[in-house]
2 protein chains.
Amino acid sequence: MMISIREVARRAGVSPSTVSRVMNGTANVDPIKRERVLAVIHETGFAPNELARALFKKSSKIIGVIVPNIENAFFGELARVIEEEAYQNQYRILLCNSLNDTKKEILNIQTLNRLHADGIIIMTNSENLAAQIGNCQIPFVILDRKIEGLDEIAFIEADHYKGGRMAMEHLMDCGCKQIVCIRGPQKYSSGQQRFLGYCDVCKEHGLQAQWLDCDYDYEEGLTAAEALLAQYPDVDGILACNDMVAIAVYKILQSRGYRVPEDIQLMGFDNIRFSRLFTPEFSTIVQPIKEMGALAVQIILKYVQEESFEKENLFDVSLIQRQTTRRKAEANEKQ
Amino acid sequence: MMISIREVARRAGVSPSTVSRVMNGTANVDPIKRERVLAVIHETGFAPNELARALFKKSSKIIGVIVPNIENAFFGELARVIEEEAYQNQYRILLCNSLNDTKKEILNIQTLNRLHADGIIIMTNSENLAAQIGNCQIPFVILDRKIEGLDEIAFIEADHYKGGRMAMEHLMDCGCKQIVCIRGPQKYSSGQQRFLGYCDVCKEHGLQAQWLDCDYDYEEGLTAAEALLAQYPDVDGILACNDMVAIAVYKILQSRGYRVPEDIQLMGFDNIRFSRLFTPEFSTIVQPIKEMGALAVQIILKYVQEESFEKENLFDVSLIQRQTTRRKAEANEKQ
DNA sequence: GTTATTTTTGAAACCCGTTTCAACCATTTA
DNA sequence: TAAATGGTTGAAACGGGTTTCAAAAATAAC
């Protein structure tokens with residue numbers, strides 16, 4: 001059933017080389033023969049075996065994408081952008097859900113290596129991966145994270161530090177006096193930098209930094225929110241480490257009868273789609289997800305084409321005020 | 001750098017065939033030679049080229065997954081389950097985001113065909129795809145949809161009809177008198193069946209079916225909700241075609257000052273993760289996403305292993321009452 | 001000790017598209 | 001008209017595991 005290039009050649013009365021040249025336009029072919037070949041391809045529905053081509057070319061036109069969890073809205077949005085950008089450049093996406101399991105990550109990197117993937121876009125934390133990434137000849141792009149000790153690898157990150165600062169400054173503009181930070185995992189640069197931004201603003205205003213630890217995750221957010229209320233009963237501003245945690249915090253606040261933003265104001269981070277769909281809509285820090293994902297693919301394309309590219313890519317962030325915070329001026333107007 | 005099986009063979013003083021046999025355990029090998037081979041593999045870090053293997057075996061250990069949009073929580077959850085099940089069986093996932101673009105779907109099916117994917121799990125509507133799927137020798141599984149005229153293809157679906165009935169009956173139990181259905185696209189079997197369930201319950205109770213059309217999508221949900229309020233000002237129960245639309249409806253209701261569930265009760269469909277995270281938590285119909293995704297992979301594995309499998313797979317649904325509906329009995333208790 | 005049987009082993013063919021290289025044909029130029 | 005230049009073309013090699021098949025080695029049977 002599946003027909004080969006040799007069979008096409010036989011039927012068209014030419015050599016396989018000529019068929020290859022017709023398909024790829026890699027050399028001139030006598031117009032009469034070209035037509036014969038195209039006719040045979042058309043009537044047999046011949047489709048070249050991509051594995052054979054990839055084997056010879058040492059390129060499978062596949063980009064590996066390793067995310068912690070595709071179910072997570074932030075990574076879902078990134079995956080969507082990456083797939084789209086790749087598709088437009090005739091690349092396909094091999095998706096791996098690592099669940100932050102280093103063993104699974106390594107296994108997936110090995111698989112991609114053996115499949116001669118043309119690049120790997122990875123969103124992970126594991127410093128343990130440094131070695132693995134180091135002796136892989138595939139180009140890597142590390143997205144939304146930064147791993148120390150890998151000077152040769154391209155990074156793409158939002159300016160988490162600035163985001164942390166902006167979020168904190170915004171809560172102060174909103175008149176909050178007791179602002180507590182639910183900081184993200186300190187093993188991730190995003191968690192570190194956001195928290196650092198918060199701390200620096202505290203310092204500049206002579207405030208004492210107040211924080212709790214939390215994973216980037218809804219369930220953890222519930223626990224953290226309860227601990228927060230117990231520990232800081234007079235809190236009036238909460239800086240959540242991301243939108244999912246902010247959603248969890250809201251749920252707890254609401255069940256305890258706190259009003260947002262009247263009693264407690266709340267900031268998220270990431271601007272995932274749901275932060276806008278929620279009622280109330282969440283004030284948050286915007287990461288340019290679309291641009292970041294597209295750049296990740298672009299870097300791999302440039303690597304393949306041996307063009308140069310920037311290794312360190314820091315994307316600017318911005319703040320969107322929605323319904324969980326209210327500037328002092330606006331609050332006064334309403335009074 | 002990248003070493004081949006022939007080089008391993010040379011260094012171990014055996015033939016490539018023997019190395020292959022050691023790696024795959026396809027035949028007995030003299031223990032001394034086996035050790036020599038394993039030692040060389042270990043010290044060189046040799047990893048067999050998966051493309052060469054796949055070329056010969058005509059199997060790439062890749063399963064294609066075509067979803068309308070990975071950003072959509074429902075498909076994100078399905079993709080996650082599918083990836084996990086595939087991974088546990090040494091398969092990898094090639095993800096395609098079709099955006100319901102038939103051209104893109106066809107192109108992706110062709111790519112998967114040329115890559116000798118071992119199976120394709122597709123969530124799509126296009127009847128136009130029937131022909132394409134028909135003359136593909138790869139096993140297909142159609143998930144969450146049903147396409148008429150493809151008797152040979154495996155389908156996996158939740159019992160949308162029952163779900164539609166249950167949702168409607170629940171709203172009636174909750175004392176709603178004016179129940180309007182925001183029905184999903186009638187080109188999908190899910191849209192048809194859910195609506196049919198609603199209609200049948202109406203008929204059985206001598207009620208007039210009242211409905212509006214809407215896509216499975218938040219933005220469309222906003223429009224539909226506004227139209228609904230204009231058209232049916234005395235509505236007191238809304239049956240949304242899925243959770244995303246229910247979220248949109250809630251947003252409109254809330255902005256217009258309606259209370260849920262006191263003034264209007266609201267049912268979703270799918271039980272996506274966010275339906276529980278929202279405030280209020282949404283009453284909805286549960287599709288067994290996990291089981292459905294796992295079965296899709298299992299069917300492909302069975303096909304590959306030439307075992308038999310069920311072609312028509314209808315999964316049972318159930319109802320979860322949360323905070324957007326309230327049974328009459330409960331309402332009375334509270335009075 | 002010899003023959004029969006089983007196990008191990010490697011050479012070569014295979015999967016299939018691509019590319020190189022030399023042969024071939026058709027123009028141009030001298 | 002002969003030599004030189006340029007464009008077409010196909011045979012063969014290539015990429016790298018896998019498998020077949022027959023030879024070689026080892027064991028069993030007589």
* Asked: For B/D30 and C/dG10, what is the distance between atoms CG and C1' respectively, to the nearest whole Å?
  -> 14 Å
* Identify whether the distance between the nearest side-chain nitrogen and carboxylate oxygen of A/E83 and B/K104 falls below 4.0 Å. => yes
* Has B/N49 got a side-chain N or O lying under 4.0 Å from the OP1 or OP2 atom of D/dG17? -> no
* To the nearest angstrom, how far is A/K61 atom NZ from C/dG17 atom P? -> 17 Å
* To do: Classify the side chain of B/R6 and the base of D/dG17 as holding, or not holding, a donor-acceptor pair under 3.5 Å.
  => yes
* Residue whose nearest DNA chain C nucleotide is more 5′ - B/H116 or B/N28 -> B/N28
* Carboxylate-amine/guanidinium contact A/E77 A/R80, below 4.0 Å -> no
* Structure fact -> When rounded to whole Å, the CZ to P distance for the pair A/R10 and C/dC16 reads 15 Å
* To do: Would you classify A/V29 as touching base, sugar-phosphate or nothing, given that sugar-phosphate means primed atoms plus P, OP1 and OP2, and contacts are heavy atoms under 4.0 Å?
  => sugar-phosphate
* Is there a donor-acceptor contact under 3.5 Å linking the side chains of A/R11 and A/T44? -> no
* **Given B/V297, B/L78, B/I66, B/I299, the one that forms side chain to side chain contact (heavy atoms under 4.5 Å, CB included) with B/I121** => B/V297
Taking only N/O atoms, report every protein-nucleotides 19-21 of chain C pair under 3.5 Å with atom names and distance.
from   : atom 1 : to    : atom 2 : distance (Å)
C/dT19 : O4     : A/S17 : OG     : 3.3

* To do: Name the closest nucleotide to the A/K58 side chain, picking from C/dG17, C/dG10, D/dG15.
  => D/dG15
* Asked: Would A/R53 and A/E50 pass as an ion pair if we require N to O under 4.0 Å?
  -> yes
* For A/I32 and D/dT8, give me the distance from atom CD1 to atom P, rounded to whole Å. => 12 Å
* Among all residues two or more places apart in sequence or in another chain, which pass the side chain to side chain donor-acceptor pair (under 3.5 Å) test with A/K302? -> none
* A/K33 vs D/dT8: side-chain N/O to OP1/OP2 distance below 4.0 Å -> no
* **Between P of D/dG17 and CD of B/E7, the distance in whole Å** => 11 Å
* Atom CG of B/L51 and atom C1' of C/dC15: how far apart are they, to the nearest Å? -> 13 Å
* Asked: Could you state the CE-P distance from B/M2 to D/dC14, rounded to the nearest angstrom?
  -> 20 Å
